[in-house]
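Keep in mind the model is a prediction, meaning the values are calculated, not measured. Naming convention: chains lettered A, B, ... in sequence-line order (proteins, then strands); numbering from 1 in each chain.
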Amino acid sequence: MIANVIVDVASQNTNRPFDYEIPEKFEGIVQPGVRVIVPFGPRKILGYVISLSETSSFSSVKKITDVLDVIPTLTQELLHLGKWLSNYTLSYYISCLQVMLPQVMKAKYRKELWKLSDEPLDSALDAVFDGRGVMDFEEFEQSGISYHILRKHMNEGEVDVHYEVKSRETKKLKAVVAPAVSPIDMEEKLEDLPPQAKKQRAIVEYFLQQPEPLDKKRLLDHLQTTPAALKPLVEQNVLKEYKQEVFRDPYGGREFKRTTPFTLTDEQETAIRPILSTIEKQEHDVFLLHGVTGSGKTEVYMQSIQQVLDKGEEAIMLVPEIALTPQMVERFKGRFGSKVAVLHSALSAGEKYDEWRKIQRQEVQVVVGARSAIFAPFTNLGLIIIDEEHETSYKQEDRTRYHARDVAVQRAKTHHCPVVLGSATPSLETYARAAKGNYQLLTLSKRMNEAVMPEVELVDMREELHSGNRSMFSIPLKEKIEERLARKEQVVLFLNRRGYSTFVMCRDCGHVSECPHCDIALTYHKRQNRLKCHYCSHEEPMPEKCPECESKTIRYFGTGTQKVEEALQELIPEARIIRMDVDTTRRKGAHERLLTQFGEGKADILLGTQMIAKGLDFGNVTLVGVLAADAMLNLPDFRASEKTFQLLTQVSGRAGRHEKSGEVVVQTYTPEHYSIELASTYDYEQFFQEEMKLRKAFRYPPYYYLTLFTISHPNQLKAEEATRKITMFMQQKLSGQAHVLGPTPSALARINNRYRYQCMVKYKKEPEQRKFVERILHYYEDEMKQENGLQITVDFQPYQLM
DNA sequence: TTGGTGATGCAC
DNA sequence: TGCATCACCAAA
């Protein structure tokens, strides 16, 4: 039998299966999806068996060296999905297979030098061996001994270079103690024990009562003793001690309050019915659950999942990374108990691996996780849910540039099951599809418990400035914060850190310099003191005064959380503030700890970035402040308005979720901007209409699809030249309907001393496009291999345009 | 991607 | 001529 193997070498020439003979001892074990170690050239590497065949067209096949799995790591479905993913993202098959698995399952390679004879070698070499038989090859390289000497010894058969493939997987073990002899022998032993050996007696007595193996630590704790008492018993073979694998449980030792399904409101009932019937009929369909914040989307998800579980099938629920708050986990663990696995980036590599294996062993039926959880190795998927569907974290922005939504639909098609996309502020793409009838639209327009959306007050910061307030806190916001402090209520203050010092605005009239061709804020380039558009090649000098009102207060913008915290403390000295940003939450568990503190009322104000915009549910929060609503609005991104609207809506949803009603203060320099104005009245529909007009006029999604080439090279001219060629090639090959823009310097014009240029394709339908892109990549293959050569990345449907 | 191979160039 | 470095190519 022959195994067709995808090897762990990401390159153009190896992006196809290699044939290996299956040695007799591995017959029946080697099957599609199993990881194997195979000889490849002079070394040994990891590979994935994708299929078996009777014969090979290749004349001299080598044998599989070793097999790493008993159960296949990848299911047949995931192998196919990987193939699809590699076509869809134009990346190597091996990269796609790796992206579906936990990090620890990637191989670790070691190159070693082995000494084979006892004879003395070259004295310098012997000195490095220092009496050992094996050393890391790196040690040899660092010793500076010439390869000549090595070669000579190798020819003599005295040393050899050895390649090791190691799995990074580590299994956590715990010590277990169990009786090694029969109860009768134990009783005998008990009598033999000297009377002063009280602790030993206690241990033996314990096992006489209950002979089951027991965790060593628990045994010692239970009997209030130490390993010293256990040791003689093990040595005399009365008891035995051995290691047993335990699954790391990130939520171990925690009690989750069981919850039962709520009675659905009429609206929820109407929304869930089509989902349930699709699950029942085993059909594929995509639903958009459009529900205002606090409308009980989660309950609809959970009851849909329940239906899937009742049928004996499994469900995946994706949530954005930052929304995977303990509160969310609690709700799922509370409802589904041990049927749930949780996968997100805050888990350690080992924890992720163990959660993943729970899925693989079919020990759980529900996965709640971030983007990559979409690859959960379930075999009977009955439902996929993507919560906060509009979140950009569902798009992977490196190597295998996939969108979890697309993968979800792909998997759901194979499993004949529905996909539910949920959001209070759906992405325009999704809402447009729902409006066209491609997706089924389900709406929840009312908050639960008859709560109303909090009142939003827009504060015009230009007026604040005119009245002499130069601080970042408006008078109304300051007053309202003080009011809450007096009432012992809590405040959430939100600051966008994105958009730091990049856009230019007039502090007097709010005028923002925009590109005349793109309706996008210009980016300020400090070095040349010029404004540039990041989509087309437009640029202009940084204005001395506002072109609109001639004021001289025009300048670039940006503020960090730390500065805000200091200013706030100065403004309201008695306030107890918790700051949450990348700096304060870097440490493991810090995120959760800070939130718990806030929840327990140990602080009055929670100040933070994006990460506090989602999922928080604290009843005592009655005021939410947005410090700079414009910050995001002026990013060089055609989705800037959409993101602003989404963010303001999400943040507003944090206030007044329970009995106490909430209030929101939004500070802005452009209160008249449609995305800010419409967010303040929670008018999604109107916002959608407005934004769609612009998208249409400027040929952006959902009217057009985008393909973004980013080309970089240490030499600016080279980068630009290659981009120009690519642009021209695409222009030539694509139909007249496509718009090919470029070459344009990237918004991040230089990273790591590489100059970056872009080419953007806007198109409606170009079925041949991938072929042309492949030709480009093939054409530049050689130049891309060089270390300091060209680098070309292609992103189909990019989210990150920088 | 890695490592062996043959070509090339430099110092003696 | 000997040795180091480099570009190239194959990997089952």
For [X] and [N], what is the distance between atoms [atom1] and [atom2] respectively, to the nearest whole Å?
X	N	atom1	atom2	result
A:I37	C:dA11	CD1	P	21 Å
A:K111	B:dG3	NZ	P	4 Å
A:Q98	B:dT1	CD	C1'	12 Å
A:N15	C:dA12	CG	P	17 Å
A:Y147	B:dT5	OH	P	14 Å
A:K785	B:dT2	NZ	P	14 Å
A:K44	C:dA11	NZ	C1'	14 Å
A:N13	C:dA12	CG	P	13 Å

Tell me what [X] touches on the nucleic acid: a base, only sugar-phosphate, or nothing, going by heavy atoms under 4.0 Å.
X	result
A:Y163	sugar-phosphate
A:S59	nothing
A:F40	base
A:V9	base
A:R16	base

Discussion item. Between A:E77 and A:F378, does the side-chain contact (heavy atoms from CB on, under 4.5 Å) criterion hold? Intermediate values first, please.
Written reply: CA-CA 9 Å; A:E77 184 219 347; A:F378 281 137; over 6 Å; no
Worksheet item: Would A:K63 count as a cation-pi partner of A:Y20, with NZ or CZ less than 6.0 Å from the six-membered ring centre and within 45° of the ring normal?
Response: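 The answer is no, since A:K63 fails at least one limit relative to A:Y20.
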Worksheet item: With a distance cut-off below 6.0 Å to the six-membered ring centre and an angular limit of 45° from the axis, does A:R639 pair with A:Y799 as a cation-pi contact?
Response: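 Ring-cation test returns yes.
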Discussion item. Can you tell me which nucleotide in C:dA10, B:dG4, B:dT2 comes closest to the side chain of A:R43?
Written reply: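 Nearest to the side-chain atoms of A:R43, counting from C-beta on, is B:dT2.
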Discussion item. Should A:F18 be counted as stacked on C:dA12, where stacking needs a ring-centre gap under 5.5 Å and an angle between planes under 30 degrees?
Written reply: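 According to the criterion (under 5.5 Å, under 30°), no, A:F18 does not stack.
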Worksheet item: Given C:dG2, is OP1 or OP2 found less than 4.0 Å from the side-chain N or O atoms of A:H148?
Response: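 For A:H148, the contact criterion (side-chain N or O under 4.0 Å from OP1 or OP2 of C:dG2) is not met.
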Item to complete: Could you please spell out the steps behind the side-chain contact (heavy atoms from CB on, under 4.5 Å) verdict for A:S11 and A:K785?
Response: CA-CA 10 Å; A:S11 85; A:K785 269 187 196 162; over 6 Å; no
Item to complete: Decide, yes or no, whether a salt bridge links A:K115 with A:E158 under the criterion of side-chain N to carboxylate O below 4.0 Å.
Response: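 Salt bridge between A:K115 and A:E158, a charged N being under 4.0 Å from a carboxylate O: no.
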